[in-house]
Student: 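This is the structure I want to talk about, given as structure tokens.
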Amino acid sequence: MRTKMVVANWKMNKTPKECKAFFRAFSPLYKGSRNREVVIAPSYICLPQAELSKPASVKLSAQNVSGEASGAYTGEISVEMLKAIPCDYVIIGHSERRLLFHESDEEIQKKVVQVIRGGLGGILCVGETRNERKGHQTLEVITRQLKVGLQGLTSQDLQQVTIAYEPVWAIGTGEVATAIQVEEVHRWIREFIWNKFGIEEASNLRIIYGGSVKAENIYEIASKPNVDGALIGGASLEAKTFIEILERIK
Ligand code: PEP
């Protein structure tokens, strides 16, 4: 059985002091569960503070990483540096990276390879824009992002991969995808993995949903058979709100 996964993407929010205050509020309310993995993705600069302050069973993720191992790449952070925190996961190819920082599928693939070869978990984000959905291109876009993003990976590598389906039109907009829309894409992703890697790989793969998730909508979405959890932006910034979501995914 797949363990559910809930990832908090704090984006460019919180100083280390605010990160510490979050965990001061979060930790007394947090109840771990063997069926659910909780991952916090703060900014790079908050990772060491989060490591000191978080409950032991909560894992850490970076929001990005370099596609290069080391060298003259001013301002970049490598997988080895993240491992020194230590950090468990890296979010790769978030739509804000794709759209605002013009990351291509090929650059994203390089990051996936660095993360997997470095022994960390990769959370590969895929998702269509509003226009692509309107133009009935959703599944085509997802297929391209998966095809390129996972290129060169073996079945064994895939064990370290989680896919996050994040329709761009639902991120930070308050407009959540319906449970039916989410399930349709998640099923498509699992079928893609089945065809490319095999049935066992497909059934073990975690596919999580992101886009305006809140306590009020998570239960219905997470109850779908191909939904294994959520990637949460805005609603993960406040400890009490995030806990309310976690209570609904057990
Ligand atoms: C995200 O940043 O990945 C996200 C899903 O944001 P929000 O929950 O705010 O829509």
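Remember, it's 1-based here, ligands and their atoms both numbered in the order they're listed. Treat the numbers as computed from the prediction; the structure is a model and nothing was measured.
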Student: Kindly assign one of parallel, tilted or perpendicular to the pair Phe242 and Phe26, based on the angle between their ring planes and the thresholds 30° and 60°.
Tutor: parallel
Student: Are any of the N/O atoms in Ile232 less than 3.5 Å from those in ligand 1?
Tutor: no
Student: Do Gly234 and ligand 1 have an N or O pair less than 3.5 Å apart?
Tutor: yes
Student: Are Tyr165 and Glu128 close enough that a side-chain donor and a side-chain acceptor fall under 3.5 Å?
Tutor: yes
Student: Tell me, which protein residue and heavy-atom name are nearest atom 8 (O) of ligand 1, and how many Å apart are they?
Tutor: Gly233 N, 2.8 Å
Student: Could you check whether Glu244 pairs with Lys240 (Lys NZ or Arg NE/NH1/NH2 to Asp/Glu carboxylate O, under 4.0 Å)?
Tutor: yes
Student: Quickly, which of His186, Glu184, Arg190 forms a side-chain hydrogen bond (donor to acceptor under 3.5 Å, both in side chains) with Asn226? Name it, please.
Tutor: Arg190
Student: How does Asn9 reach ligand 1, by side chain, by backbone, by both or by neither, if only non-hydrogen atoms under 4.0 Å count?
Tutor: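 It is the side chain that touches ligand 1; the backbone stays farther off.
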Student: Relative to the ring of Phe22, is the ring of Trp10 parallel (under 30°), tilted (30 to 60°) or perpendicular (over 60°)?
Tutor: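 The rings of Trp10 and Phe22 stand perpendicular, inter-plane angle above 60°.
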Student: Which atoms of ligand 1 have any heavy atom of Leu231 under 4.0 Å away?
Tutor: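 Every atom of ligand 1 under 4.0 Å from some heavy atom of Leu231: 3 (O), 5 (C).
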Student: In this structure, which one of Arg98, Lys147, Arg97 forms a salt bridge (Lys or Arg N to Asp or Glu O under 4.0 Å) with Asp105?
Tutor: Arg98
Student: Between Val126 and Ile163, is a side-chain contact (heavy atoms from CB on, under 4.5 Å) present by the stated rule, with each step listed?
Tutor: CA-CA 7 Å; Val126 296; Ile163 303 291; 3.9 Å; yes
Student: In ligand 1, which numbered atoms sit nearer than 4.0 Å to a non-hydrogen atom of Ala170?
Tutor: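 Checking each atom against Ala170, I get 10 (O).
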Student: Quick test: of every protein heavy atom, which one is nearest to atom 5 (C) of ligand 1, and how far off is it to 0.1 Å?
Tutor: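 That would be Glu166 OE2, 3.1 Å.
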Student: Provide the number and element of each atom of ligand 1 under 4.0 Å from a heavy atom of Ser212.
Tutor: 7 (P), 8 (O), 10 (O)
Student: Identify the closest protein heavy atom to atom 1 (C) of ligand 1: which residue and atom is it, and at what distance?
Tutor: His94 NE2, 3.2 Å
Student: Out of all atoms in ligand 1, which are within 4.0 Å of some heavy atom of Gly172? Include the element for each.
Tutor: 7 (P), 9 (O), 10 (O)
Student: Hey, is Ser236 touching ligand 1 through its side chain, its backbone, both or neither, going by heavy atoms under 4.0 Å?
Tutor: neither
Student: Heavy-atom contacts with Gly211 under 4.0 Å: which atoms of ligand 1 show up? List them by number with element.
Tutor: 5 (C), 10 (O)
Student: If the threshold is 4.0 Å, N to carboxylate O, is there a salt bridge linking Lys4 and Glu37?
Tutor: no
